[in-house]
Undergrad: 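Before I ask anything, here is the structure I am working with.
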Amino acid sequence: MRTSLRLGLVAMAAMLGGGDLASAQTAKIKLGYAKCAHCLPMSLIPGMAKGVEVEATGFNSGNDVLTALISKSIDVAQVTYLHYITALDKGFDVVAVSGQINGGSECLSSAKLSLPPEDWATFKATVAKAKSDGQPLKVAASRGNAQDIHMRGAFLKQGVDPNKDIQFINIPNPSDHLAALQRGEVDMICSVEPFASQIRLAGAGKHFVLPYEQAAGNLTNLIVTRSDVIAGQRAGVQGVVAAVVELDNKLIADKGPWIEVINKLTGLDKTVATEALKNASPDPAIHRSQTLAIAAMMRDLKYISKDVSAEAEKNMDYSFLEKATGKAKNDLGY
């Protein structure tokens with residue numbers, strides 16, 4: 001009789017709203033992240049998330065993470081603002097719930113170009129001559145990643161059409177960028193940290209520019225999920241977002257754990273990791289106006305086929321950030 005009474009009370013508590021607490025205690029979330037300097041801290045989320053069991057998996061690129069999310073192999077994904085726009089263009093169900101870390105892009109030139117840093121005039125002249133000689137400059141990136149779009153937007157702003165004036169080389173895995181420059185297969189590469197710093201410190205390429213003078217600025221990482229995950233595992237998503245906010249605050253105060261995780265998961269020297277973090281900024285906000293500008297830029301670059309501004313704004317859910325930070329969405333990038 002006591003057992004029946006206890007079970008009845010538990011059932012009643014669930015009906016009255018206690019189910020949220022129960023689901024938070026038993027929630028399980030599969031999280032995916034890319035293997036780059038500003039992405040790797042996501043591997044620390046399982047140890048920080050409260051009230052949710054998080055299984056975190058690293059992927060070679062943001063494209064792979066997005067594919068895993070769309071195919072429902074994972075529940076929450078660390079991708080980029082650019083992946084978010086691309087996914088909406090293709091009609092995929094993605095919802096932005098948090099920012100994470102921005103920055104991490106750098107364009108590096110091969111030594112044979114003798115290109116002075118930040119010298120767009122010389123770069124444009126070099127591009128024009130190579131094109132007129134019938135041997136367009138070979139510029140590489142990982143297609144679809146933030147660095148690719150940052151580079152294309154920065155080039156276009158300077159009057160260089162990335163679809164007509166250069167020969168684009170797609171190198172999907174950023175860890176292969178160093179070898180491509182060393183072998184002379186490309187003239188310039190827009191890479192992601194920590195691989196950009198690895199290239200510089202190894203003498204395989206020289207800094208040309210941080211390609212942030214375009215609509216995306218230095219916006220890079222975004223935490224996204226699907227609407228079905230929000231409907232079925234809201235407490236789990238909340239636990240992940242709260243952990244991202246806490247992690248960002250810790251990384252702003254102390255980059256030590258960040259350097260350690262880069263060293264551990266990439267095998268790169270701590271000197272490379274330390275250098276990479278000079279080009280990274282923790283930021284959990286979701287930047288709405290810049291996201292809409294990114295969508296417009298990507299359409300201009302013919303990276304997407306239609307205007308997805310309405311969808312981009314509609315699919316931003318600030319409620320998780322608001323709860324995690326105690327701030328209103330107007331203070332969180334809205």
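Heavy atoms only: backbone and side chains are in, while hydrogens, waters and symmetry mates are out. Because the structure is a prediction, the values reported are computed rather than measured.
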Undergrad: I need the single residue from Arg299, Lys306, Lys302 that forms a salt bridge (charged side-chain N to carboxylate O under 4.0 Å, His left out) with Asp89. Which is it?
TA: Lys306
Undergrad: Just to verify, what does Asp165 make a side-chain contact (heavy atoms from CB on, under 4.5 Å) with, not counting sequence neighbours?
TA: Val127, Lys131, Val160, Asp161
Undergrad: Suppose the criterion is salt bridge (Lys or Arg N to Asp or Glu O under 4.0 Å): which pairs have a residue in residues 93-109, not counting sequence neighbours?
TA: Glu106-Arg200
Undergrad: Restricting to salt bridge (charged side-chain N to carboxylate O under 4.0 Å, His left out), what partner residues turn up for Asp248, sequence neighbours left out?
TA: none
Undergrad: Looking at side-chain heavy atoms only, is the closest gap between Leu66 and Val94 below 4.5 Å?
TA: yes
Undergrad: Find out whether Arg226 and Leu69 are in side-chain contact, i.e. whether some heavy atom of one side chain is under 4.5 Å from a heavy atom of the other.
TA: yes
Undergrad: May I ask you to say whether Lys250 pairs ionically with Asp254, meaning some side-chain N is under 4.0 Å from a carboxylate O?
TA: no
Undergrad: What pairs meet the ring-ring contact (aromatic ring centres under 6.0 Å, His included) rule with one or both residues in residues 203-232, with sequence neighbours excluded?
TA: Trp120-Phe208, Phe123-Phe208, His150-Tyr212
Undergrad: Between side-chain atoms of residues 184-192 and protein atoms elsewhere (two or more places apart, or another chain), which donor-acceptor pairs fall under 3.5 Å?
TA:
unit_1: Glu185; atom_1: OE1; unit_2: Arg183; atom_2: NH2; d: 3.4
unit_1: Glu185; atom_1: OE2; unit_2: Arg183; atom_2: NE; d: 2.5
unit_1: Glu185; atom_1: OE2; unit_2: Arg183; atom_2: NH2; d: 3.3
unit_1: Asp187; atom_1: OD1; unit_2: Lys112; atom_2: NZ; d: 3.4
unit_1: Asp187; atom_1: OD2; unit_2: Lys138; atom_2: N; d: 2.8
unit_1: Ser191; atom_1: OG; unit_2: His177; atom_2: ND1; d: 2.7

Undergrad: Of all residues at least two apart in sequence or in a different chain, which pass the ring pair (Phe, Tyr, Trp, His ring centres under 6.0 Å) check with Tyr303?
TA: none
Undergrad: Any side-chain heavy atom of Met298 sitting closer than 4.5 Å to one from Leu82?
TA: yes
Undergrad: So, Ser281 versus Asp283: side-chain donor-acceptor pair below 3.5 Å or not?
TA: no
Undergrad: For residues 233-287, pull every pair meeting ring-ring contact (aromatic ring centres under 6.0 Å, His included), keeping only residues two or more places apart or in separate chains.
TA: none
Undergrad: May I have all residue pairs that pass ring-ring contact (aromatic ring centres under 6.0 Å, His included) and include part of residues 56-103, sequence neighbours excluded?
TA: none
Undergrad: Name all residues meeting the ring pair (Phe, Tyr, Trp, His ring centres under 6.0 Å) criterion together with His38; count only those two or more places apart in sequence or in a different chain, and write none if there are none.
TA: none
Undergrad: Can you pull out every disulfide (SG to SG under 2.5 Å) where at least one residue sits in residues 285-316? Sequence neighbours excluded, please.
TA: none
Undergrad: For Glu322, which residues count as a salt bridge (charged side-chain N to carboxylate O under 4.0 Å, His left out) partner, sequence neighbours excluded?
TA: none
Undergrad: Can you list everything that forms a ring pair (Phe, Tyr, Trp, His ring centres under 6.0 Å) with Tyr334? Sequence neighbours excluded, please.
TA: Tyr318
